[in-house]
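Note that the structure is predicted; figures quoted are calculated from it, not measured.
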Amino acid sequence: MSAPFHAVIPAYNEAASVGRVIQGILSLFPEAGIIVVDDGSVDGTAAAALHAGAKVVRMPFNSGYGVALQTGLRWAGQHGARCVVTLDADGQHDPRELSAILEPVLAGRADIAIGSRYLAGGASYRVPLARRLGAWAFAKIVSALTRSRITDPTSGFQCLNAVAVGLYADLEDFPEMTPDADMLLYAHLRGLRICEVPVSMYADEGRDSMHGFLRSFFYAPKMMVAMAGVLLHGGREESAR
């Protein structure tokens, strides 16, 4: 199966794992376009990505996951991507699950498909209790606000069609660090269709997880503020559809 999609992979100091992620994608989808956004790494991340067959966009310094992600989405959009998959460089997301999240978007049933480790049929590593409770709480909030069932709003394993890519790429105040539940809410308010599919995920191999203890401590209040901002301002613009 050829794959008319681009894969966007933000990476920060992931030289040990990014090559295997890229090779895993290309072994299944040789025609996929892969963009690694090297977010100011000080190891060999860029060289490993290039060697594995990806195109690399290098940030001049570490700017944050959200900045790297939007940079990759803008690059993909400017190069005519009809469909974009986002995944992490640390080995947490399995390339063998790509077909599952591509299918509803390529079939035209959704604008954004989320790979969920918590949906029935999915599987996950042992997620720390505090993080699991936080994900559950935000899942309940997003589900209520969007009137749909969302189980894994913090998943970075997603598929976006061209409409969703354009919406995220053009957003002037795209989150710098952790675009999660707030962006799903924003997409819903702009009229995009969101679905989830069950996937398996694994413990990340990197040392610089954006969900480390200190970052997780500040994540919940920051996300609550971000979601409140989306509710106040995100629905005022004309629907994207």
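- Residue Pro175 comes nearest to Met183 through the heavy atom pair CD-SD, 3.5 Å, listed as atom of the first residue, atom of the second, then distance.
- Closest non-hydrogen pair, Ala48 versus Ala15, comes out as CB-O, 3.9 Å.
- When each of Leu28, Leu26, Ile22 is tested with Pro95 by the rule side-chain contact (heavy atoms from CB on, under 4.5 Å), just one qualifies, namely Leu28.
- Taking both residues in full, the closest heavy atoms of Val199 and Gly115 are given as CG2-C, 3.6 Å, listed atom of the first, atom of the second, then distance.
- Interatomic distance, CD of Gln23 versus NE2 of His51, reported as 7.0 Å (0.5 Å rounding).
- Counting non-hydrogen atoms of other residues, nucleotides and ligands closer than 6.0 Å to CD of Glu103 gives a total above 12.
- To the nearest 0.5 Å, the span separating OG1 on Thr146 from CG on Leu192 amounts to 12.5 Å.
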Do Val56 and Thr45 pass the side-chain contact (heavy atoms from CB on, under 4.5 Å) test, and can you show the C-alpha distance, the side-chain angles, and the key distance before you say yes or no? CA-CA 10 Å; Val56 176; Thr45 294; over 6 Å; no
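- Using a 4.5 Å cut-off on side-chain heavy atoms (C-beta onward), Lys55 and Trp75 make contact.
- The aromatic rings of His93 and Phe157 sit parallel, their planes meeting at an angle under 30°, below the 60° perpendicular limit.
- Glu196 contributes a side-chain N or O that, together with a main-chain N or O of Asp152, makes up a donor-acceptor pair within less than 3.5 Å.
- Between the side chain of Thr86 and the backbone N or O of Val8, no donor-acceptor pair lies under 3.5 Å.
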Between Arg109 and Cys195, does the side-chain contact (heavy atoms from CB on, under 4.5 Å) criterion hold? Intermediate values first, please. CA-CA 9 Å; Arg109 297 195 307 273; Cys195 75; over 6 Å; no
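- Closest heavy-atom contact between Arg74 and Leu171: NH2-O, 4.1 Å.
- Within the 4.5 Å cutoff, side-chain heavy atoms of Thr154 are placed close to those of Arg117.
- With rounding to the nearest 0.5 Å, the separation of CG in Asp38 from OH in Tyr12 is 10.0 Å.
- Using a 4.5 Å heavy-atom threshold, the side chains of Ile9 and Ile25 count as touching.
- Taking the side chain as every heavy atom from C-beta outward, Ile150 and Ser143 approach each other to under 4.5 Å.
- Checked against the 6.0 Å centroid threshold, Tyr168 and Tyr186 do not count as a close aromatic pair.
- Here the side chains of Thr71 and Val57 are in contact, with some heavy-atom distance below 4.5 Å.
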Determine, step by step, whether Tyr65 and Asp39 satisfy the side chain to side chain donor-acceptor pair (under 3.5 Å) criterion, reporting the C-alpha distance in whole Å, the side-chain angles of both residues, the deciding distance to 0.1 Å, and the verdict. CA-CA 8 Å; Tyr65 176 85; Asp39 191 21; over 6 Å; no
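- Contact of the Asn161 side chain with the Cys83 side chain is not registered, since no non-hydrogen atoms from C-beta on lie closer than 4.5 Å.
- Note on Val85 and Val105: separate hydrophobic clusters, where clusters join Ile, Leu, Val, Met, Phe, Trp and Tyr whose side-chain heavy atoms are under 4.5 Å apart, directly or indirectly.
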Is there a side-chain contact (heavy atoms from CB on, under 4.5 Å) between Ile114 and Val197? Walk through the geometry before answering. CA-CA 6 Å; Ile114 305 166; Val197 295; over 6 Å; no
I'd like to know whether Val67 forms a side-chain contact (heavy atoms from CB on, under 4.5 Å) with Met59, so could you lay out the CA-CA distance, the side-chain angles of the two residues, the decisive distance to 0.1 Å, and finally the verdict. CA-CA 9 Å; Val67 174; Met59 307 294 283; 3.6 Å; yes
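- Atom CD1 in Ile194 sits 8.5 Å away from atom CD in Gln158 (nearest 0.5 Å).
- Screening Leu106, Leu98, Ile101, Leu160 against Phe5 for a side-chain contact (heavy atoms from CB on, under 4.5 Å) leaves a single residue, Leu98.
- In this structure, Val21 and Leu87 have side chains that are in contact, with non-hydrogen atoms separated by less than 4.5 Å.
- Using a 4.5 Å heavy-atom cutoff, the side chains of Ile112 and Arg193 are not in contact.
- Under a cut-off of 6.0 angstrom, the local environment of CZ in Arg149 is sparse, with at most 12 non-hydrogen atoms contributed by other residues, nucleotides or ligands.
- To the nearest 0.5 angstrom, Ser41 atom OG is 8.0 Å from Asn62 atom CG.
- Thr151 and Ser116 make their closest contact through OG1-OG, 2.6 Å (heavy atoms, listed as atom of the first residue, atom of the second, distance).
- Between Gln70 and Ala169, the shortest heavy-atom distance links the atoms NE2-O, 3.3 Å.
- The distance from the CG atom of Asp88 to the CG atom of Leu69 is 9.5 Å, given to the nearest 0.5 Å.
- The backbone N or O of Tyr202 lies less than 3.5 Å from no partner atom in the side chain of Asp94, so there is not a single donor-acceptor pair.
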